[in-house]
Structure formats: structure tokens, C-alpha cells
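Just so we're clear, the structure is a prediction, and the values are computed from it rather than from any experiment. Positions are given from 1 along the sequence.
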Amino acid sequence: MQAHLDTTQAWNVPMLLGEFAQFGWSDTLGWQADMKMMFDFCKQNNINWTYFSYQDSGRSLIDVHTGLVHDTLVQALNAGMCAAITGVS
């Protein structure tokens with residue numbers, strides 16, 4: 001990752017982390033901690049990011065079996081956005 005950061009800084013262009021899905025799908029808090037670490041890293045290094053998986057996998061915003069929104073995933077993404085915008089973690 002550092003090589004990519006160095007290149008974007010040398011070229012004076014923004015960096016985008018795109019098309020990622022939830023890290024691991026389980027009832028444990030491990031995936032949330034991993035996502036928070038990624039969001040913190042992105043904020044510290046001015047890296048933009050975009051979530052990709054909407055409704056086509058087991059790690060999507062919408063549960064493909066029930067059609068319901070994965071609230072904990074939405075909360076984790078919102079926390080990442082708020083940290084990026086306001087500096088709050």
C-alpha cells in the first residue's frame with residue numbers, strides 16, 4: 001500500500017480504494033474492527049474509498065435471502081464516512 005501512496009503523492013493525485021466488500025461475514029466483531037482500521041488508515045492518508053457490493057453476494061448491503069438491509073454493515077460504513085468527513089472515529 002505504501003508504494004501506491006508514494007506514487008499518488010509524487011504525482012499529486014488523489015488515491016481511491018474502490019470496489020471492496022465487507023471483510024468477512026460473521027456475527028463476531030472482527031470484521032467491524034478490520035473495517036474501522038481500514039477507514040482510519042484511509043483518513044490518515046487522505047485515501048478516498050467506495051463500497052461496492054450492493055446485492056450480489058453474501059457480503060452485500062442487502063441480505064440476498066431476506067431482502068433486508070444489513071444494519072450493522074450500514075452502521076460501520078456510516079462510521080467510516082463520518083470519520084472521513086468530520087475527523088470523528
Side-chain angles (χ1 to χ4, degrees):
M1 182 65 78
Q2 188 61 50
H4 295 293
L5 283 171
D6 293 343
T7 300
T8 60
Q9 290 171 352
W11 293 354
N12 196 29
V13 295
M15 184 171 176
L16 172 68
L17 173 62
E19 298 191 14
F20 69 91
Q22 179 183 342
F23 303 159
W25 189 255
S26 68
D27 292 330
T28 66
L29 296 180
W31 68 268
Q32 291 169 307
D34 290 343
M35 286 186 81
K36 182 182 181 325
M37 284 189 326
M38 184 201 70
F39 292 140
D40 290 346
F41 180 82
C42 288
K43 179 183 178 295
Q44 292 167 0
N45 292 284
N46 297 315
I47 299 171
N48 299 298
W49 57 267
T50 180
Y51 189 81
F52 177 72
S53 187
Y54 180 69
Q55 191 178 2
D56 63 342
S57 74
R59 296 181 173 120
S60 64
L61 289 173
I62 308 296
D63 185 313
V64 294
H65 303 291
T66 66
L68 300 175
V69 173
H70 284 292
D71 290 331
T72 53
L73 176 54
V74 171
Q75 291 169 1
L77 292 170
N78 282 338
M81 284 187 275
C82 288
I85 293 169
T86 64
V88 175
S89 43

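Tested against Thr8, the residues Val13, Leu16, Asn46 include a single side-chain contact (heavy atoms from CB on, under 4.5 Å) partner, Val13.
In this structure, the side chains of Trp49 and Leu77 come closer than 4.5 Å at one or more pairs of heavy atoms. Using a 4.5 Å cut-off on side-chain heavy atoms (C-beta onward), Leu5 and Ile47 make contact.
The shortest non-hydrogen separation linking Pro14 to Asn48 is CB-ND2, 3.9 Å. Considering all non-hydrogen atoms of both residues, Leu17 and Cys42 come closest at CD2-SG, 4.1 Å.
Side-chain contact of Gln2 with Asp6: a donor-acceptor pair under 3.5 Å is present, judged by distance alone.
One distance of note links CG of Asp40 with CG of Asn45; it measures 11.0 Å at 0.5 Å rounding.
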